Amino acid sequence: MTGLNGQRMDANVVVLGTDNVGKSALIVRFLTRRFIGEYGDIESLYTHNVVVDGREQTLNIWDAPYSQDLSSESLMYEKRVQWADGFVLVYSVCDRASFNAVSRLIQIIKTNKDILGVEKMPIVIVGNKRDLDHRRTVLSEEGSILALSADCQFYEVSAAENYHSVLMVFHGLVHRIRESRVSVKKLAGIKGIVKSMSAVFTRRRTDSL
Ligand SMILES: Nc1nc2c(ncn2[C@@H]2O[C@H](COP(=O)(O)OP(=O)(O)OP(=O)(O)O)[C@@H](O)[C@H]2O)c(=O)[nH]1
């Protein structure tokens with residue numbers, strides 16, 4: 001993709017969630033449009049080009065294993081937050097514990113983000129396995145409320161049955177990442193102006209003494 005300054009830009013995306021929620025299914029659906037059923041539990045890094053709003057974007061997608069050690073000091077999470085430009089946090093609508101874990105992951109991301117001094121981190125929350133409605137234990141509204149309260153995007157999808165909604169997840173995240181890059185640049189610009197103005201005033205004050 002050609003960035004604001006004409007340079008090519010990649011975006012790093014980490015997909016997180018507890019075991020068996022369909023992280024790999026979601027990624028493979030996005031990459032290949034197919035659902036193959038069984039995926040194994042190998043940690044993987046994929047690179048994929050997409051076109052969003054007519055602009056090409058290279059996505060590096062990390063299918064990360066879940067760590068039971070959710071302590072915000074965990075080096076593993078800190079590394080992921082450092083590497084990531086955005087997160088896809090996945091739970092299963094049939095698994096309440098996986099939904100609770102998403103809230104904790106948001107806290108960890110936000111804590112690490114503050115430590116690292118990065119501006120608003122783009123996060124998309126995904127409730128997967130919506131085709132298993134008869135086994136649902138997490139209401140769609142609960143996902144929406146969590147996303148609203150944490151200022152994230154929210155989608156309910158079925159990696160098993162639908163490609164389009166999975167595509168929307170990654171396109172939505174690309175939008176957020178682009179927005180956050182624009183606002184970081186604007187903020188840097190404003191900081192620069194404030195810095196040079198205060199330098200001028202400091203000089204004037206020193207001159208008048
Ligand atoms: N019914 C249904 N099953 C799904 C869906 N997505 C994934 N699965 C199934 O759920 C199981 C786990 O999927 P994975 O993609 O391996 O889940 P994961 O989160 O990567 O699991 P770990 O590798 O343990 O972290 C597999 O049997 C999938 O076939 C879905 O949307 N609907």
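What you see below is based on every heavy atom in this structure, not just the backbone, and it leaves out hydrogens, waters and symmetry mates. No experiment lies behind these values; they were computed from the predicted model shown. When a ligand or atom number is given, it counts from 1 through the structure's own listing order.
Looking at ligand 1, you'll find an N or O of Asn128 within less than 3.5 Å of one of its N or O atoms. Between Tyr39 and ligand 1, a contact under 3.5 Å exists for no N or O pair. Where the criterion is an N or O separation shorter than 3.5 Å, residue side chain and backbone included, Val21 meets it with respect to ligand 1. For ligand 1, the polar-atom distance check against Ala159 finds a nitrogen or oxygen pair separated by under 3.5 Å.
In terms of protein heavy-atom proximity, atom 18 (P) of ligand 1 is closest to Lys23 N, 3.5 Å. From the protein, the heavy atom lying nearest to atom 23 (O) of ligand 1 is Asp41 CB, 3.5 Å. Looking only at protein heavy atoms, the nearest one to atom 8 (N) of ligand 1 is Lys129 CE, 3.7 Å. Summary of contacts: the protein heavy atom closest to atom 27 (O) of ligand 1 is Glu38 OE2, 3.0 Å. Ranking the protein heavy atoms by distance from atom 15 (O) of ligand 1 puts Ala25 N, 2.8 Å first.
Residue contacts with ligand 1 do not include Ser92, since none of its heavy atoms lies under 4.0 Å from the ligand. Taking a 4.0 Å cut-off on heavy atoms, Gly37 registers as neighbouring ligand 1.
Contact annotation for Asn20 and ligand 1: heavy atoms of both the backbone and the side chain come within less than 4.0 Å of the ligand. Heavy atoms of Val28 found under 4.0 angstrom from ligand 1: none, in either backbone or side chain.
Listed by atom number, the atoms of ligand 1 under 4.0 Å from Ser158 heavy atoms are 31 (O). Close contacts between ligand 1 and Leu132 involve ligand atoms 1 (N) [criterion: under 4.0 Å to a heavy atom]. Those atoms of ligand 1 that come under 4.0 Å of a heavy atom in Asp131, given as number and element, are 1 (N), 2 (C), 30 (C), 31 (O), 32 (N).
Between Asp10 and Leu59 the shortest side-chain heavy-atom distance does not fall below 4.5 Å.
Asp63 and Ser44 share no side-chain donor-acceptor pair at under 3.5 Å. Between the side chains of Ser103 and Asn100, no donor N or O sits under 3.5 Å from an acceptor N or O.
Between Arg96 and Glu142 a salt bridge is recorded (basic side-chain N to carboxylate O distance below 4.0 Å).
Comparing Gly22, Gly40, Ser24 against atom 13 (O) of ligand 1, the shortest heavy-atom distance belongs to Gly22.
Arg136 pairs by the salt bridge (charged side-chain N to carboxylate O under 4.0 Å, His left out) definition with Asp133, Glu156, not counting sequence neighbours.
Annotation for Val93 and Lys129: closest pair CG2-O, 3.3 Å, computed over non-hydrogen atoms. A pairwise comparison of heavy atoms in Asn12 and Trp83 identifies ND2-O, 3.1 Å as the closest pair. The two residues Asp53 and Arg178 come nearest to each other via the heavy atoms CB-NH1, 4.3 Å.
Annotation: ring-ring contact (aromatic ring centres under 6.0 Å, His included) contacts involving residues 14-52, sequence neighbours excluded, comprise Phe30-His48, Phe30-Phe170.
Hydrophobic clustering of Ile, Leu, Val, Met, Phe, Trp and Tyr side chains at less than 4.5 Å, counting indirect connections, keeps Ile125 apart from Val15.
Relative orientation of the Tyr91 and Phe154 rings is parallel, given thresholds of 30° and 60° on the angle between their planes.
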